[in-house]
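Letters A, B, ... are given to chains in the order of the sequence lines, protein chains preceding strands, and every chain is numbered from 1. Any value given below was found using the heavy atoms of this structure, including those in side chains, with hydrogens, waters and symmetry copies removed. What you see is a predicted model; the values in this text were computed from it and never measured.
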Protein chains: 2
Amino acid sequence: MSDMYRAISDPIRRKILNMVAHQELPQLEIVRAFHISQPAIKKHLAILLEEELLLERREGKYCFYRLNVPIFQNGYEQLQHELGHILENKLTKLKQYLEEDL
Amino acid sequence: MSDMYRAISDPIRRKILNMVAHQELPQLEIVRAFHISQPAIKKHLAILLEEELLLERREGKYCFYRLNVPIFQNGYEQLQHELGHILENKLTKLKQYLEEDL
DNA sequence: CATACATATAACCAAAAGGTTATCTGAATG
DNA sequence: CATTCAGATAACCTTTTGGTTATATGTATG
């Protein structure tokens, strides 16, 4: 299942998402962009794959990753809706307060 | 430090934020809204307080919680900016592709 | 003042997160 | 074909997360 919140909760994963939104990249290039080990990056990629935010393509010894745009977009919209709703509630209350004041 | 992503990564915490955006609530009412123990809720509240997304007010034996609107709003805007940027990157690439096609 | 109630805290637990090093596999290359 | 290179996997570690039960503290209330 795609848990957007889990996927984006780590800054390394957010940076990875940003990188592969620009362009499809082999794992090696992603690893080079950070100062942690290849297996550590692999685990982040595994989480992003598990949450379906990445697509992978094998080509010989290289493994390329790219953003799964529809899933990401959908997850982002749902998140915006959910968090936006919290502020709407607040604004509704403010509106009610102002109306009572009239 | 305020880590919005950490705060919102749990569905229970998101629901709590929603509840206290509506109105200031005593801990008891928050506990009653879930099927987990009072100490468990307390830990979620502690995380939300740590990330400064909640304000607490003691009144006798009651402890009231409310949304820290400015911090939440700011965190939400930063999050939108960061995640929105990922899609912008993608759209920029699409734009480039379409322009190349002309 | 004894009791009930709201909250806080301690001790414990299992699972997940985030990292490491070492090693294996499988593809490409001198 | 031996070696190198990219990636996968295993074993291990520490900290965090998310929960539990039991108990303490402090405020109201009959």
Test log, rule side chain to side chain contact (heavy atoms under 4.5 Å, CB included), inputs B/H44 and B/F34: CA-CA 12 Å; B/H44 285 297; B/F34 300 93; over 6 Å; no
Minimum-distance nucleotide to [X] side chain [options: [options]]:
| X | options | value |
| --- | --- | --- |
| B/R13 | C/dT7, C/dA28, D/dG18 | D/dG18 |
| A/H44 | D/dT21, C/dG19, C/dG18 | C/dG19 |
| B/K61 | C/dT20, D/dT17, D/dT27 | D/dT27 |
| B/P39 | D/dG19, C/dT9, C/dA8 | C/dT9 |

Would you mind reading off the distance between [X] atom [atom1] and [N] atom [atom2], rounded to a whole angstrom?
| X | N | atom1 | atom2 | result |
| --- | --- | --- | --- | --- |
| B/L45 | D/dG19 | CG | P | 12 Å |
| A/I36 | C/dT21 | CD1 | P | 12 Å |
| B/K43 | C/dC12 | NZ | P | 13 Å |
| A/L49 | D/dG7 | CG | C1' | 13 Å |
| B/L25 | C/dA6 | CG | P | 14 Å |
| A/E51 | C/dA16 | CD | P | 12 Å |
| A/R57 | C/dA27 | CZ | C1' | 16 Å |
| A/I47 | D/dT16 | CD1 | P | 17 Å |

Strand contacts (DNA chain C) in residues 26-34 of chain A, 4.0 angstrom heavy-atom criterion: none
Closest-nucleotide ordering on DNA chain C, the 5'-leading residue of A/R58 and A/S9: A/S9
Derivation of the side chain to side chain contact (heavy atoms under 4.5 Å, CB included) call for B/V20 and B/L55: CA-CA 10 Å; B/V20 299; B/L55 295 170; over 6 Å; no
Can you tell me if [X] touches the phosphate of [N], counting only side-chain N or O atoms and a distance under 4.0 Å to OP1 or OP2?
| X | N | result |
| --- | --- | --- |
| B/K42 | C/dA8 | yes |
| B/S37 | D/dG19 | no |
| A/R6 | C/dA17 | yes |

Test log, rule side chain to side chain contact (heavy atoms under 4.5 Å, CB included), inputs A/R66 and A/L54: CA-CA 6 Å; A/R66 66 184 185 282; A/L54 288 190; over 6 Å; no
Between A/Q38 and A/Q27: side-chain donor-acceptor atoms closer than 3.5 Å: yes
Criterion side chain to side chain contact (heavy atoms under 4.5 Å, CB included) on A/M4 and A/F72, from CA distance to verdict: CA-CA 8 Å; A/M4 182 74 168; A/F72 181 86; 3.6 Å; yes
Face-on cation placement of A/R14 at B/Y5 ring, 6.0 Å and 45° thresholds: yes
From OG (A/S9) to CD1 (A/I47), nearest 0.5 Å: 7.5 Å
Polar pair under 3.5 Å, donor/acceptor by atom type, side chain A/Q38, base D/dA6: no
